[in-house]
Amino acid sequence: MDYKETVFLPKTEFPMKAGLPRKEPEILQDWDDINIYQKLRESRKGQEKYILHDGPPYANGNLHIGTALNKILKDIINRYQSMLGKDANYVPGWDCHGLPIEWKIEEQYRKKGKDKDAVPVIEFRKECREFAKKWMDIQSKEFQRLGVCGNFANPYTTMTYAAEASIANEMGKFLLNGGLYRGSKPVMWSVVEKTALAEAEIEYEDHKSTTIYAKFNVKETNFEEIKGANVVIWTTTPWTMPGNRAVAFSKNINYVLLKITKTNENSLAMINQKIIIAKDLLKEVTHNCKIIEWEELLEIKGEKFQDVVLSHPLSDHGYDHNVRMLPAEFVTVDQGTGFVHIAPGHGEDDYFLGKQYNIEVPETLEGNGKLLEHLPLFGGMHVLRDNSKIADILSEKNSLIGRGELIHSYPHSWRSKAPLVFRNTPQWFISMNENNLKEIALKEIQKTKFYPLAGKQRLYSMIENRPDWCLSRQRAWGIPIPVFINKKTGEPLRDKFVIQRVVEAFKIKGSDAWFDTPPEKFLEPEYNIDEFEQVQDIADVWFDSGSTHAFVLEDRDDLQSPANLYLEGSDQHRGWFHSSLLESVGSRGVAPFEGILTHGFVLDDKGRKMSKSLGNTVNPQDILRDYGADILRLWVAGSDYYEDLRIGPEIIKHHTDHYRRLRNTLRYLLGSLNDFKEQEKIDYTKLPQLEQWLLHRIFEMNVSIKEKILDYQFHSIYTEIHNFCTIELSSFYFEIRKDLLYCGDSDSNDRRGCRTALDILFRHLTTWLAPILCFTSEEAWQCYIKDKKNSIHLKTIPNSKDQWKNDDLNNKWKRIRYIRSIVLAKIEEARNNSIIKSSLQAKVELILSKSDKSLFANLVPEDLFITSEVDFITEEIDEPKVNINSASGNKCGRCWKILPEVKEDGICKRCSDVIKKHYS
RNA sequence: AGGCGCGUAGCUCAGUUGGUUAGAGCGCACGACUGAUAAUCGUGAGGUCGGCAGUUCAAAUCUGCCCGUGCCUACCA
């Protein structure tokens, strides 16, 4: 007889080979068929809400590995919260306005030879909108392919009319509460295109500049020795001289006071004149200014210039303001004179230094590059073409001691290739001080939970040190700053009814309304349009996404504010976390989030940044095609995402290996539970000790996993589950129970108890894994319950019964497993010495203490060690000793144990009984 | 250049307030089984804890310097 037919081998349709790339889309279709997102909402109705508010990705390209990480992590969190029974409603969103999309459209124009400036702004914006829509749809499909569960049928975007209206309304709040004010700052400006440029639109090329050494006479000082002397500056932009308001020095530089005694005949410097320059630059300056001989009168430490006031070189010609000397760290002796001329309207360092000392920021330049008409001597001159002429005039008025030319790297527009200038332009700002914005924001940070904690310090110091928020962008694709300025007073109109009319118009026509509605419609009847100027700037897109808490969390009935969690990459400390905090605190006085989780960046397998030029990029699409989304999800869960995480072929292989272990564990469970019925279950108290131990472990695991969910410690959950499957299930519990499952009497208490425990185990394991392996766990679950409407993702993690918890039993089994490991090592040794071939041929002689022996009371040690015979000998020893011999008897043809009772080619009594009962 | 991080076996991760010989799983090598079979079981070899210097009876852990690396300092998101 072929006894194999009588063995209850595992049987399941759950295949060993996953075929995820093919299987996953089928499962997605099943979920779609039952409308699982809606079903989940219904099943969690009335439960505690958990809101992970989605930071909107930018709608301008395919899914990349960083976005995949971000979305999968969010999905794992939502699914785990849902597994805890909460109503974790995830509404995905997209950020749709902004420069990168404008660029793409411009790029298309360039290809077609079309001029952007010739296209009406409404038309241009329409194309941007369509572009964003297209990518939103693509990304939505890509996110869903990853297994992300959320309201993809009704997501949020920053460009719906309602959102645009709401964002404008938010700006209105800052306008009304005084937080929004008009200031100015210098930006990179192209005088050819008459527009501001972003850093990325700039390229650096060589440019020939006229350079000048200009002298500033000392006007006021307590430092007698330098009275009447001249502080000398050097600049490559003579046109900025009308805008000069200060001269910067360094406290760390040593300067010298010189008296010029001999010059070259064509030198601009004059004999007997006293000048001050940095000591280290003495040679260079005297050479460039053709000064041949001089007297060094005095060495001066930089700090001495602290309270000195200078005259402008053209103080006799209309520039009679005071020029203060200010200390600055950016002053060096690399070049120039050791003094830096400060024109707050024409340079970033200049601007911030001026701001720090409350120096006025003069406007001297028109958008077309001409100096303003009212400026003495230079009105109407062009900043790019007339520098030589400007230097001539300065020279005529005796303001220079030298001039020259310099070829240096200089910013140019990538469109027109024309050189750029820093130009002071009016801008709208949100004040960090008004309404105590900074102070309250910092307090709110203190109240926020950060994962990991380091994020708190990072955000805190950024908010603490940041300047006012510049809200204006001189751009087209975005939400206009809905403000009117009183032409007479220069003050913005702060009227809530006007704002309301704008917001209402935006609701109907979108923010295009700002451009194609006659402005009087917003102002009348209270105001006269002739007295007001309509602001044409659009808002920084960070204000858009910073307002999502308003138009998403607050405005949608299915969400709430504050969110439980904001989760993004660590770059968003400067980005979304930052802008959301400021927007919400500025308008509501509270943070829009209770917690912030940051993940790191994805690097290649050697820890290097991914780049096309290095050729080390990893495409999520490739992984989906070759391995499947569950592998990518396992990679996310198995990595410490608080830090930067690595990915590469070896790492993917590592996770597929782990995946196989998990999958085979599920498969073995399904195979062993074949045809398991409710009636087969037995009560806990009747379970064999080994099963009671297993339930204890399930209890422990359940507690641990639930704790870790609350701390977002998924890599720890992953390790714990994997180790559990490997160490405790596969190589211990399953290994021991094979004999019982395969050969035992299916009606016996032990076998029923074993399957009762396996059923419980399966129900726990699948829910533990479901948030991570969302496809595989569903596949396994469906193999078991065969009811597509009853998805694993509608379930919650089962509540382990307190009855299962039994620490004494667990400690006892720890010792048993330790003794088992000693026995197994000895069996291995015997095998290597050819005393036996297989484990079942072994007779184990176990010498151990009385107390150790008592552990085995009521147990079957042969089962535990997977041998055929075990003899105990008690001795007074601490560590058990083991001898291995061959078991005596014949091999049972069915269960393969070697027993004296078995006759040659026969079977054992147990097997014989089973066969009689079930096969005759 | 500054601000904030990170650096433990080939890989993914543990390592409590400093305290025996630094752990786990995977992978690898060797072996077993052929009734979880492109699976499963057993045994084993892998580490100057990025480097150097210090504090201490004692350092992966605390301090300083250095090296490597990532994010941020954009009218990019």
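In what follows, chains are A, B, ... by sequence order, proteins preceding strands, each numbered from 1.
- One finds the CG atom of N723(A) at 9.0 Å from the CE atom of M701(A) (value rounded to the nearest 0.5 Å).
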Protein-nucleotides 21-25 of chain B N/O pairs closer than 3.5 Å?
| unit_1 | atom_1 | unit_2 | atom_2 | d |
| --- | --- | --- | --- | --- |
| rA24(B) | O2' | N723(A) | ND2 | 3.3 |
| rG25(B) | O4' | N723(A) | OD1 | 3.0 |
| rG25(B) | O2' | H722(A) | ND1 | 3.0 |
| rG25(B) | N2 | H654(A) | NE2 | 3.1 |

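- Between E828(A) and R831(A) there is a salt bridge, with a side-chain nitrogen of the basic residue lying less than 4.0 Å from a carboxylate oxygen of the acidic one.
- A salt bridge does not link D605(A) with R646(A): none of the charged nitrogens is closer than 4.0 Å to a carboxylate oxygen.
- Distance CZ (R660(A)) to C1' (rU37(B)): 13 Å, rounded to an integer number of Å.
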Handout entry: Pairing pattern in dot-bracket form [Watson-Crick, G-U; both distances under 3.5 Å; | = partner strand] for RNA chain B
Key = (((((((..((((.....[...)))).(((((.......))))).....(((((..]....))))))))))))....
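- Atom P of rU16(B) sits at a distance of 14 Å from the matching atom of rC6(B), rounded to the whole Å.
- Separating the P atom of rC62(B) from that of rG19(B) is a span of 11 Å, rounded to the nearest Å.
- Along RNA chain B, the nucleotide nearest to S639(A) and the one nearest to N832(A) differ in position, and the one closer to the 5' end is contacted by S639(A).
- Ring geometry for H722(A) against H658(A) counts as parallel: the plane angle stays under 30°, on a 0 to 90° scale with 60° as the upper cut.
- Using a distance-only test at 3.5 Å, with no hydrogens or angles considered, a donor-acceptor pair links the side chain of R755(A) to the main chain of S672(A).
- If you check the side chains of T12(A) and R667(A), you find no donor sitting under 3.5 Å from an acceptor.
- rC41(B) atom P lies 13 Å from atom CZ of R831(A), rounded to whole Å.
- The aromatic rings of F724(A) and W768(A) sit perpendicular, their planes meeting at an angle over 60°, well past the 30° parallel limit.
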Practice task
Decide yes or no on salt bridge (Lys or Arg N to Asp or Glu O under 4.0 Å) for D657(A) and K653(A), but give the supporting numbers first.
Solution key: CA-CA 6 Å; D657(A) 285 336; K653(A) 165 142 193 326; 3.1 Å; yes
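- A distance of about 31 Å separates the C1' atoms of rC57(B) and rA24(B), rounded to the whole Å.
- With both ends at atom C1', the span from rU56(B) to rU17(B) equals 16 Å, rounded to whole Å.
- To the nearest angstrom, C1' of rA74(B) lies 10 Å from CG of D540(A).
- Stacking of the aromatic ring of W542(A) onto the base of rA77(B) is not found under the criterion of centres within 5.5 Å and planes under 30°.
- A donor N or O paired with an acceptor N or O is found under 3.5 Å between the base of rA36(B) and the side-chain atoms of S730(A).
- Taking 4.0 Å as the cut-off between side-chain N and carboxylate O, K71(A) and D54(A) count as a salt-bridged pair.
- R646(A) has its CZ atom 8 Å from the P atom of rC11(B), to the nearest Å.
- For the C1' atom pair drawn from rG15(B) and rA59(B), the interatomic distance equals 14 Å after rounding to whole Å.
- Which of rG42(B), rG35(B), rC71(B) sits closest to the side chain of L824(A) comes down to rG42(B).
- In this structure, the nucleotide among rC4(B), rC33(B), rA77(B) sitting nearest to the side chain of Y58(A) is rA77(B).
- Across the protein-nucleic acid pair, I647(A) atom CD1 and rG70(B) atom P stand 17 Å apart, rounded to whole Å.
- Distance check on atom C1': rC4(B) versus rG46(B) gives 35 Å, rounded to whole Å.
- A salt bridge links E720(A) with K708(A): the closest approach of a Lys/Arg side-chain nitrogen to an acidic carboxylate oxygen falls below 4.0 angstrom.
- Y668(A) has its OH atom 6 Å from the C1' atom of rA36(B), to the nearest Å.
- The glycosidic torsion of rG70(B) lies more than 90° away from 0, which places this base in the anti conformation.
- rC41(B) and rG47(B) have their C1' atoms separated by 28 Å, given to the nearest Å.
- Side-chain rings of W469(A) and H578(A) stay apart, their centers remaining 6.0 Å or farther from each other.
- Comparing rA9(B) with rA60(B), their P atoms are spaced 14 Å from each other, to the whole Å.
- For the pair K653(A) and D95(A), nearest-nucleotide mapping onto RNA chain B gives the more 5' position to K653(A).
- Note: CG (N70(A)) to P (rC71(B)) measures 16 Å, nearest angstrom.
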